Amino acid sequence: MKADLDTLRGFFRSSPFMVDLGVDPVAGGEGSVTTQLVIATKHLQHTGQVHAGVMASLADHTMGAAAQTLAPEGHWILTAELKTSLLRAGKGERLVCEATVIKPGRNISFTEAEVWAEAAGQRTLVMKASATMAVAVAKK
């Protein structure tokens with residue numbers, strides 16, 4: 001998959017769950033993708049902070065997209081293993097996720113991501129994530 005912003009936006013629009021969450025890619029390159037999510041009431045849990053599942057989904061799909069930019073034509077990236085570490089509450093105006101491929105491979109790739117909460121021009125690191133991505137032949 002090409003790593004330009006138009007292609008990445010199309011890739012994210014093809015995932016109904018990412019559309020429902022409101023995740024948008026804002027930058028990308030070969031092996032890296034940055035996304036954002038404007039925090040809305042639907043993203044919060046009962047304590048008023050962003051639900052961990054929202055942040056995990058943001059990180060997972062962003063890491064998958066970063067790996068997809070390096071996948072051979074006719075192959076899809078699928079998450080094989082996902083680890084998240086919640087560092088503090090996700091609160092603010094938006095979340096920004098920066099994902100990179102640490103080691104690409106023919107069968108599996110290793111990725112990492114950081115999720116930041118932004119409010120009033122300040123960024124706070126709220127989650128670190130890593131994932132093992134499987135490289136699979138796309139079924140027709």
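Note that these values count all heavy atoms, side chains included, but never hydrogens, waters or copies made by symmetry. All values derive from a computational prediction rather than experimental measurement.
- The two atoms that bring Thr62 and Leu58 nearest to each other are OG1-O, 2.7 Å, heavy atoms only.
- The structure places CG of Asp4 at 11.0 Å from CD of Glu30, a figure rounded to the nearest 0.5 Å.
- In this structure, Trp116 places its CH2 atom where more than 12 heavy-atom neighbours from other residues, nucleotides or ligands lie under 6.0 Å away.
- Taking CE from Met63 and CZ from Phe110, the interatomic distance works out to 13.0 Å, rounded to the nearest 0.5 Å.
- Closest approach of Leu8 to Ala27, counting heavy atoms only: CD1-O, 4.1 Å.
- Put simply, the side chain of Ser57 gets close to the backbone of Gly53: a donor and an acceptor are under 3.5 Å apart.
- Between Leu95 and the options Met55, Glu118, His43, a side chain to side chain contact (heavy atoms under 4.5 Å, CB included) holds for only Met55.
- When atom types are taken as modelled, the side chain of Thr111 and the backbone of Ala131 share a donor-acceptor pair closer than 3.5 angstrom.
- Counting only distance, with no hydrogens or angles, the side chain of Gln68 and the backbone of Ile77 share a donor-acceptor pair below 3.5 Å.
- Note: Met18 CE to Asp60 CG = 7.5 Å, rounded to the nearest 0.5 Å.
- Between His61 and Phe11, the ring planes are parallel. Angles under 30° get that label, and only those over 60° would be called perpendicular.
- Expressed to the nearest 0.5 Å, how far CG of Leu86 lies from NZ of Lys128 amounts to 13.5 Å.
- Here Glu112 contributes atom CD and Lys83 contributes atom NZ; the two are 10.5 Å apart, rounded to the nearest 0.5 Å.
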